[in-house]
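For clarity, every value in this text was computed on a predicted model and none was experimentally measured. By convention in this document, chain letters (A, B, ...) are assigned in the order of the sequence lines, proteins followed by strands, and residues within each chain are numbered from 1.
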Amino acid sequence: MEEKYVKEITAKSEDFSQWYVDVIIKGELADYSPVRGCMVIRPYGYAIWENMQKLLDRRFKETGHKNAYFPLFIPESLLRKEAEHIEGFAPEVAWVTHGGQEELAERLAIRPTSETIICSMYSKWIKSWRDLPVLINQWCSVVRWEKSTKPFLRTAEFLWQEGHTAHRTEEEAEEETLLMLEVYRDFVETELALPVIKGRKSENEKFAGALRTYTIEAMMSDGKALQAGTSHNLGQHFSKVFDIQFLDQDGKLKYVWQTSWGVSTRLIGAVIMTHGDDRGLKLPPRIAPIQVIIVPIFGQQKEAVLEKSRELYQLLKNHFRVELDDRDEHTPGWKFNEWEMKGVPVRLEIGPRDMAQNQVLLVRRDTGEKISVKEADLINYLSTLLDDIQANMFKEAKKFMDDNTTTTTSFEELKDVVANKKGFVKAMWCGDGECEKRVKEETGATLRCIPFDQEEISDKCVVCGRKAQKMVYFAKSY
RNA sequence: CGAGGCAUGGCGCAGUUUGGUAGCGCACAUGGUUUGGGACCAUGGGGUCGGGGGUUCGAGUCCCCCUGCCUCGACCA
């Protein structure tokens, strides 16, 4: 960076964590609240979430899902039914013990996730093969009493969606699990411009109570991995415990096969950490609350410029998410920094010089490039430009991920890369959880996923040297 | 939850060592001049020093407890 534009934000290179917090607070995405570990999502940050919701919800509907809402409270007995599940969540469940002054006969958990309460209803609703599949999604917040928190990435309460489906056969459930993983991949890559690795979680890393967990893993610009979304094939673990049975066509009583899948407001954190720079946030046009910010440069012709900028606003508002910053109390330069900090993809400057030539000046947030465009071409140009920015942001992020992915064939090399180079490490693995644990203990990196796109790097496990089963990704993660 | 650090107008900080009744920059308000990369002048408002307790004639400053935030680790979307 040739010049330091934004004074409020700590340089990324200086202190990545502080930079991240600065971008969120100064960019007015969120703020700390009086409640430990809980943040307030401010209007600008919430608008990003709303855009994400819209784009995701459309995809859910297109794949046949319907939204519903289940209770926030889960009776303790219900939560305890599936042993593996409660064991996984026990340390982070918040409990309600009193109603008013009276102590409850049975404690109520505040949902850390809704498998149990939803399953209890499914057992009531599902009787016949004709009732299947059940394809339900819920938008809600969940609570996990986290020990250490960080805005968007890990908070005690967070917003998410959780899909819960029930199927007639194992194959159908597996198909659904993979379909939703693909929906997530498509969503984050297309709309959030976040490249991801699609794959399966190891036994150690899978969801408590799942048969198999699939994941999309993204790389943040400090080289750490972030689990961006998960899709679980729950098998029949829950249906057996919650007695979700149906009478199949062959006259036999069978347990349903289930899935669950979710993404959360953590994705906002992923967008910040993947695309942001020293000037602040950089938002992909598809989810940016403001795609084009109009900044009038008054010069000596304040009234005329103001009138023209209002005209431009009217012209553009039916095509783009656009706002006019006609505040008088700030200079143009101040506004430039402000909107760059907030990640607005395109700035439109209009001043006396542009007016004289019937044009406007567009400035790209992603590259800083300045382009003069004739007013007559503006709408077409902008729509192409926004697509271009979206594509370029994905390309940049993809390049960063590729550049920071290293292939290793020895444990020494793996340790060295994790310690000194950061990023993802590709290596062969024998499939033994003990080798996985050794990597974690000796390097701090975890097995992020077993990618669908396999490569044969070598035939030996990077840890123990035994015959390798799979190529996997290791990385330090959030 | 373990180790370390921090907490003073909205934000960033000084004042704490050697207790004496709170200051600077930015931001904010009003008026004026300005406006193509965080403008300038003038005037003005705002804090009781994270919370509680203690020592003292007197505490932002010393002692104890609590809380929150940040970093690292353990655990997790």
Lys198(A) charged N/C atom sitting above Phe452(A) aromatic ring, 6.0 Å / 45°: no
Rounded distance (Å) that lies between atom P of rA77(B) and atom OH of Tyr184(A): 13 Å
Nucleotide opposite rA39(B) in a Watson-Crick or G-U pair, distances under 3.5 Å: rU33(B)
Can you name the residues that form a side-chain hydrogen bond (donor to acceptor under 3.5 Å, both in side chains) with Asp354(A), not counting sequence neighbours? none
Look at all strands and tell whether Leu226(A) reaches a base, only sugar-phosphate, or nothing, counting heavy atoms closer than 4.0 Å. nothing
Please check the phosphate of rC70(B) (OP1 and OP2 only) for any side-chain N or O of Tyr32(A) closer than 4.0 Å. yes
Separation of rG37(B) atom P from Asp278(A) atom CG, nearest Å, is 21 Å
To the nearest Å, give me how far apart NZ (Lys302(A)) and P (rG32(B)) are. 11 Å
Applying the 3.5 Å cut-off to both distances, the Watson-Crick or G-U partner of rU18(B) turns out to be none
Separation of the C1' atoms in rU21(B) and rU34(B), to the nearest angstrom: 42 Å
If you draw the axis of the six-membered ring of Trp429(A), does the NZ or CZ of Lys470(A) fall within 45° of it and under 6.0 Å from the ring centre? no
Under 4.0 Å, counting only non-hydrogen atoms across every strand here, what does Gly37(A) touch: a base, just sugar-phosphate, or nothing? sugar-phosphate
Considering only atom P, compute the distance from rG68(B) to rG54(B) and round it to an integer number of Å. 23 Å
Here the distance between atom P of rG36(B) and atom CD of Glu340(A), to the nearest Å, is 15 Å
Cation-pi between Arg36(A) and Trp145(A): NZ/CZ under 6.0 Å from ring centre and within 45° of the ring axis? yes
Report which part of the nucleic acid Gly262(A) touches: base, sugar-phosphate, or nothing (heavy-atom distance under 4.0 Å, all strands). nothing
Scan Ser148(A) against the nucleic acid and name what it touches under 4.0 Å (heavy atoms): base, sugar-phosphate only, or nothing. base
Watson-Crick or G-U wobble partner for rG46(B), using a 3.5 Å limit on both distances? none
Determine the contact category for Leu267(A): base if any of its heavy atoms lies under 4.0 Å from a base atom, sugar-phosphate if only primed atoms, P, OP1 or OP2 are that close, otherwise nothing. nothing
Assign each of Pro91(A) and Gly368(A) to its nearest nucleotide of RNA chain B by heavy atoms, then name whichever residue's nucleotide is nearer the 5' end. Gly368(A)
Do His330(A) and Glu338(A) have side chains that get closer than 4.5 Å, going by heavy atoms? no
Geometric cation-pi criterion Lys302(A) and Phe298(A), 6.0 Å radius, 45° cone: yes
Arg154(A) has an atom CZ; how far is it from atom P of rC72(B), in whole Å? 12 Å
Identify the pairs formed between an N or O of the protein and an N or O of nucleotides 39-46 of chain B at a distance under 3.5 Å, and give each distance.
residue, atom, partner, partner atom, Å
rA39(B), OP1, Thr331(A), OG1, 3.4
rA39(B), OP2, Thr331(A), OG1, 2.5

Tell which nucleotide pairs with rG68(B), taking only Watson-Crick or G-U wobble pairs whose two distances are both under 3.5 angstrom. rC6(B)
Assign Glu349(A) to base, sugar-phosphate, or nothing according to its heavy-atom contacts below 4.0 angstrom with the strands shown. base
When you get a sec, tell me which of rC1(B), rA77(B), rG36(B) is the closest nucleotide to the side chain of Thr155(A)? rA77(B)
Candidates rC70(B), rA77(B), rG36(B) - which lies nearest the side chain of Arg144(A): rA77(B)
With a 3.5 Å distance limit and no angle check, can you tell me whether His65(A) reaches the backbone of Thr165(A) through a side-chain donor-acceptor pair? no
Does rU71(B) have its OP1 or OP2 closer than 4.0 Å to a side-chain nitrogen or oxygen of Gln18(A)? no
rA77(B) base stacked by Phe158(A)? Criteria: ring centres under 5.5 Å, plane angle under 30°. yes
Side-chain donor/acceptor contact of Arg347(A) with base of rG36(B) under 3.5 Å: no
Which nucleotide in the list rG36(B), rG68(B), rU35(B) gets nearest to the side chain of Gln300(A)? rU35(B)
Rounded interatomic separation in angstrom, taking CD from Glu146(A) and P from rG73(B): 16 Å
Taking a pair to mean Watson-Crick or G-U wobble geometry with both distances below 3.5 Å, rC75(B) pairs with none
Grab the CD-C1' distance between Glu87(A) and rC75(B) for me, whole Å please. 14 Å
Arg266(A) side-chain proximity, nearest of rA77(B), rG73(B), rC70(B): rA77(B)
Quick one: list whatever passes side-chain hydrogen bond (donor to acceptor under 3.5 Å, both in side chains) with Asp31(A), sequence neighbours left out. none
Mind checking if Pro296(A) touches a base, just sugar-phosphate, or nothing, with heavy atoms under 4.0 Å? nothing
Applying a 3.5 Å limit to both distances, which nucleotide forms a Watson-Crick or G-U wobble pair with rG25(B)? rC11(B)
Distance from Lys422(A) atom NZ to Asn420(A) atom CG, nearest 0.5 Å? 8.5 Å
Return no unless some side-chain N or O of Ser17(A) is found under 4.0 Å from OP1 or OP2 of rU71(B). yes
Figure out the CD/P separation between Gln227(A) and rC76(B), and round it to whole Å. 11 Å
In Watson-Crick or G-U wobble terms, both distances under 3.5 Å, what is the partner of rA59(B)? none
Check the phosphate of rU71(B) against Lys150(A), side-chain N and O only, distance under 4.0 Å to OP1 or OP2. Yes or no? yes
Looking at the side chain of Asn337(A), which of rG36(B), rC76(B), rG37(B) is the nearest nucleotide? rG37(B)
Closest-nucleotide 5' rank along RNA chain B - winner of Thr265(A) and Met355(A): Met355(A)
OP1, OP2 of rG73(B) versus side-chain N and O of Lys440(A): anything below 4.0 Å? no
Over-ring placement of Arg347(A) relative to Phe336(A), 6.0 Å and 45° cut-offs: yes
Identify whether NZ of Lys or CZ of Arg in Lys415(A) sits under 6.0 Å from the centre of the six-membered ring of Phe411(A) and within 45° of that ring's axis. yes
With rounding to the closest Å, how many angstrom separate the P atoms on rA14(B) and rC6(B)? 11 Å
